[in-house]
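In this text the structure is predicted, and so the values were computed from the model without any measurement.
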Amino acid sequence: MDRFEAVERAARAYGLTSDHIPVTHLAERDGQHLVFVNAFTGGAYLVIHATGTVREVGDSDQGITTSWVPQYFGLGRPYASRT
């Protein structure tokens with residue numbers, strides 16, 4: 001899956017398309033994608049697995065709360081949890 005399909009899958013997880021909801025592609029590794037969705041109810045970080053499975057790994061208030069995500073995608077402090 002490419003980054004564009006990952007963005008669309010993330011938007012569809014909220015019942016919309018990327019034309020209707022802001023989705024930002026943040027990182028990709030081994031066919032998995034990390035995206036941020038700015039939904040009406042608040043933002044969420046999602047991992048889109050190579051199989052197409054969408055998993056929420058954090059939100060705009062807490063940051064990424066799933067411990068393996070920042071290290072796996074090689075992210076720095078801006079995406080780390082505040083706790």
Side-chain angles (χ1 to χ4, degrees):
M1 153 181 357
D2 65 18
R3 68 185 299 154
F4 302 106
E5 185 178 351
V7 164
E8 286 305 317
R9 285 182 186 257
R12 281 196 306 261
Y14 287 86
L16 300 167
T17 69
S18 62
D19 293 334
H20 298 106
I21 188 170
V23 181
T24 304
H25 187 273
L26 300 172
E28 177 181 0
R29 180 174 174 199
D30 299 331
Q32 297 190 78
H33 300 265
L34 176 65
V35 299
F36 181 78
V37 176
N38 192 6
F40 305 112
T41 58
Y45 292 94
L46 305 174
V47 170
I48 316 303
H49 295 274
T51 61
T53 303
V54 178
R55 178 179 175 192
E56 186 172 323
V57 295
D59 61 35
S60 56
D61 294 330
Q62 299 283 323
I64 295 174
T65 56
T66 305
S67 61
W68 62 268
V69 173
Q71 183 177 0
Y72 180 79
F73 286 104
L75 303 175
R77 292 183 68 78
Y79 302 104
S81 172
R82 296 179 198 157
T83 59

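With a 4.5 Å cut-off on side-chain heavy atoms, R55 and T66 count as touching. Using a 4.5 Å heavy-atom threshold, the side chains of V35 and L26 count as separate. Residues F36 and S60 are in side-chain contact: their nearest non-hydrogen atoms beyond the backbone lie under 4.5 Å apart. Using a 4.5 Å heavy-atom threshold, the side chains of V69 and V47 count as touching. By the 4.5 Å heavy-atom criterion applied to side chains, Y45 and E56 are not counted as neighbours. For the pair L46 and V37, the minimum side-chain heavy-atom distance is below 4.5 Å.
Atoms CD and CG, from E8 and D2 in turn, are 10.5 Å apart once rounded to the nearest 0.5 Å. Here the OG1-CG distance, from T65 to D59, works out to 6.5 Å after rounding to the nearest 0.5 Å. Residue R9 holds its CZ atom at 8.5 Å from OG1 of T53, rounded to the nearest 0.5 Å. R12 CZ to E5 CD: the interatomic distance, rounded to the nearest 0.5 Å, is 7.0 Å. For the atom pair CG of L34 and CD of E28, the computed distance is 11.0 Å after rounding to the nearest 0.5 Å. Between atom NE2 of residue H49 and atom CD of residue Q32 there is a gap of 5.0 Å, rounded to the nearest 0.5 Å.
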Legend entry - Evaluation steps, side-chain contact (heavy atoms from CB on, under 4.5 Å), between S18 and F4: CA-CA 9 Å; S18 62; F4 302 106; over 6 Å; no
Inset, instruction - List the steps, then state whether side-chain contact (heavy atoms from CB on, under 4.5 Å) holds for T24 with V7. - result: CA-CA 7 Å; T24 304; V7 164; over 6 Å; no
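When all heavy atoms of V23 and A10 are compared, the closest pair comes out as CG1-CB, 4.2 Å. Residues I48 and A6 approach most closely at CG1-O, 3.8 Å, considering heavy atoms. Residue A39 comes nearest to I21 through the heavy atom pair CA-CD1, 3.6 Å, listed as atom of the first residue, atom of the second, then distance. In this structure, F73 and H33 approach most closely via the heavy-atom pair CZ-C, 3.9 Å.
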